[in-house]
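Have a look at the structure below, then the notes.
One-based numbering, in listed order, for ligands and for the atoms of each. Side chains are part of it too, since the values below use all heavy atoms of this structure and drop only hydrogens, waters and symmetry mates.
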Amino acid sequence: MKLTVKKDISTLKAEDTYCIFVTDEQSRSWTDRIHPSINEALSSIDTEAVTGKYGEHFFVPLKKTPSLLVFGLGKNIDLTSESIRKLGADLAAFCISKNITSISFVPPAPGNFIEAECTRFIAEGIVLSNYKFEKFKTKDKKKLIENLCVYSSDPLAPSIINEIQIIYNNTVLCRDLINDASYNSTPEGIAAAAKSLASNKNIKCQILGKKQIEELKLGLLLAVNQGSARPPQLVVLSYKGAPSDKSSIALVGKGLTFDSGGMNLKTSGHIEDMRMDMAGAATVMYAFKSAVELNIKKNIYAVMPLTENMISNTAYRPGDVFTAYNGLTVEIGNTDAEGRLILADALAYTVDKIKPSCIIDMATLTGACVVTFGETVAGLISTDEELTEKLRKSADRTGERLWPLPLYSDYEENMKSKIADLCNTASEKNSGTIHGAAFLKNFVGNIPWAHIDIAGTAWNTKARGYRPENATAFGIRLIVDFLSAL
Ligand code: BES
Ligand code: MG
Ligand code: ZN
């Protein structure tokens with residue numbers, strides 16, 4: 001989809017659909033704001049019937065002059081950033097259902113919202129829901145919206161729309177990578193996608209293959225990889241947006257391209273969607289790419305450990321002990337707790353080689369996180385209050401919600417092993433999300449660190465507002481907002 005900003009509404013074409021938003025308060029005066037170019041449409045609508053109720057809509061399809069779509073925004077007092085995004089999503093869903101491919105709107109400014117905010121929230125809602133994964137469909141493909149034009153003379157509009165275009169492009173790439181079959185989104189496949197980012201001269205991409213991973217002794221990544229016929233990869237993307245600044249941010253993403261559970265094999269009902277277990281890696285990669293394209297003046301890294309977790313004659317087993325990159329030994333309590341293993345090595349490697357000023361990891365780490373928060377809130381566990389605060393503010397602004405969980409020392413105690421330094425499973429069965437984080441804490445040294453468990457939010461079992469079914473790319477806007485505000 002292509003997004004544009006235009007000032008002059010008389011450029012509206014006959015094939016366009018012009019969308020207007022009406023609040024409850026405006027329901028008696030809404031026609032005053034309509035440009036004469038769609039007078040034709042206006043004459044065939046019962047203007048009295050428009051009440052401005054949230055989600056209410058009227059459509060006047062016309063061939064020779066622009067069509068009109070009137071959407072109710074509800075009462076000013078009930079409007080929130082999320083309800084406006086949701087309305088954008090409803091609008092997009094309506095247009096897709098009617099095969100409308102070219103839409104335009106004049107941003108409203110109801111209640112306490114200014115025009116720039118509405119431009120952002122409506123456009124976000126539209127673009128984020130304008131998605132279908134149809135790579136494997138040979139028929140019944142849906143037509144998506146191709147053009148979105150905002151008619152505005154607000155000086156903020158062009159940069160907002162440019163940003164949303166970048167977010168849209170990268171959200172589509174991210175969702176496609178997550179939704180694709182695990183024989184396409186393999187460790188080497190994802191590394192190749194990362195490498196293609198380096199065609200942008202501001203991005204450097206380093207790919208470590210199996211031999212280098214062996215030489216560097218990332219023993220936990222190798223352990224998880226043991227059962228897989230595909231070699232592991234460790235990808236490091238870097239961008240120096242502030243060359244004279246010593247500080248940097250490292251984003252680390254879990255890249256399990258298929259999680260069978262290993263010897264602790266997952267059962268039916270739990271294994272089907274496990275190609276999504278690389279969502280953390282995909283999300284940090286496309287958040288990173290968005291940040292570069294937005295020229296954010298920060299030094300940023302994206303680190304992605306990539307492997308499958310498979311069952312085979314050579315697979316790692318419960319009771320095995322392996323040595324991590326930082327020298328700690330780890331007993332395998334359960335081969336299905338593999339995400340923390342590959343992340344542990346990637347975090348320790350990041351601390352040692354990059355020495356960033358802060359680390360944020362994103363991972364589909366625990367089923368417990370889905371039980372706790374469902375599919376609309378991610379778990380946040382951090383060693384740094386300031387980082388927690390900043391991430392929570394970004395969560396509030398973007399609607400990519402986070403909620404903090406505590407990391408008391410008892411949880412860390414539970415991760416100790418009787419036969420090694422650590423065990424990848426806890427000695428107590430509850431609070432799985434916190435225990436996963438407690439394990440990871442052993443690999444981040446003293447660097448301020450935040451762990452975001454996206455097990456629930458990365459993948460929707462059904463469409464929810466502007467997030468479609470299956471891969472959501474949750475976290476891209478959160479991280480981009482965090483980096484811009486830093
Ligand atoms: N990839 C899973 C977590 C997951 C579950 C993600 C459901 C998305 C949806 C992870 O590798 C896993 O299997 N975790 C185990 C850990 C346990 C064995 C300590 C879990 O959560 O059951
Ligand atoms: Mg697992
Ligand atoms: Zn996993």
Side-chain angles (χ1 to χ4, degrees), residues 178-179 182 185 187 220-221 223-228 232 252-283 304-311 315-320 330-346 361-379 381 405 411 414-415 417 422-440 451-462 469-475:
I178 300 169
N179 282 326
S182 69
S185 293
L220 304 184
L221 175 56
V224 175
N225 180 253
Q226 262 179 222
S228 171
V252 181
K254 171 179 172 180
L256 244 299
T257 63
F258 186 74
D259 180 14
S260 72
M263 292 296 182
N264 293 100
L265 189 62
K266 288 189 185 289
T267 50
S268 297
H270 295 102
I271 202 168
E272 292 77 6
D273 296 331
M274 279 302 138
R275 66 181 186 286
M276 61 74 95
D277 213 17
M278 35 59 78
T283 307
M304 297 168 285
L306 300 157
T307 180
E308 296 177 331
N309 182 22
M310 298 302 283
I311 187 161
Y316 78 138
R317 300 138 202 223
D320 286 353
V330 178
E331 176 197 352
I332 306 306
N334 188 315
T335 61
D336 199 9
E338 82 301 328
R340 62 197 70 184
L341 298 173
I342 71 163
L343 275 175
D345 267 351
D361 80 69
M362 299 192 97
T364 49
L365 206 70
T366 62
C369 189
V370 193
V371 174
T372 308
F373 293 116
E375 295 185 336
T376 59
V377 180
I381 292 155
L405 293 170
Y411 296 110
N414 292 342
M415 301 314 291
S417 161
L422 293 168
C423 184
N424 76 335
T425 51
S427 54
E428 285 189 24
K429 72 172 163 72
N430 296 322
S431 42
T433 304
I434 303 176
H435 282 130
F439 179 85
L440 296 176
H451 162 65
I452 302 177
D453 194 329
I454 55 169
T457 53
W459 188 265
N460 263 346
T461 51
K462 60 167 196 186
E469 195 177 359
N470 296 352
T472 62
F474 174 101

Considering only heavy atoms of Lys254, which atoms of ligand 1 have at least one such atom less than 4.0 Å away? 1 (N), 10 (C), 11 (O)
Treating Thr335 as the side-chain partner and Asn264 as the backbone partner, does any N or O pair qualify as donor plus acceptor under 3.5 Å? yes
Angle in degrees, rounded to 10°, that OD2 of Asp259 and O of Asp336 form at the Mg ion (ligand 2): 170°
Under 4.0 Å between a Lys/Arg side-chain N and an Asp/Glu carboxylate O for Lys254 and Asp277? yes
Return yes when Met278 approaches ligand 1 closer than 4.0 angstrom through a heavy atom, no otherwise. no
So which heavy atom in the protein is nearest atom 21 (O) of ligand 1, and how far is it from that ligand atom? Gly367 N, 2.7 Å
So is His435 touching ligand 1 or not, going by heavy atoms under 4.0 Å? no
Would you mind listing which atoms of ligand 1 come within a distance below 4.0 Å of any non-hydrogen atom of Glu338? 11 (O)
Which atom, counting only N, O or S, brings Asp277 closest to the Zn ion (ligand 3)? OD2
Pull out every atom of ligand 1 sitting under 4.0 Å from any heavy atom of Lys266, numbered as shown with elements. 2 (C), 12 (C), 13 (O)
Hey, is the Zn ion (ligand 3) within less than 2.8 Å of some N/O/S atom on Lys254? yes
Atoms in ligand 1 flagged as close to Asp277, the criterion being non-hydrogen separation under 4.0 Å: 1 (N), 11 (O)
Using a plain distance cutoff, I'd like to know if Asn334 has any nitrogen or oxygen under 3.5 Å from a nitrogen or oxygen of ligand 1. no
Do any N/O atoms on Ala455 end up under 3.5 angstrom from N/O atoms on ligand 1? no
Sub-3.5 Å N/O-N/O distance, Thr366 and ligand 1: no
Is there a polar contact between ligand 1 and Thr425, counting only N or O atoms under 3.5 Å apart? no
Of the protein's non-hydrogen atoms, which lies at the shortest distance from atom 7 (C) of ligand 1, and what is that distance? Met274 CE, 3.7 Å
Leu365 to ligand 1, any heavy atom closer than 4.0 Å: yes
Once you restrict to heavy atoms under 4.0 Å, what part of Asp259 touches ligand 1? Side chain, backbone, both or neither. side chain
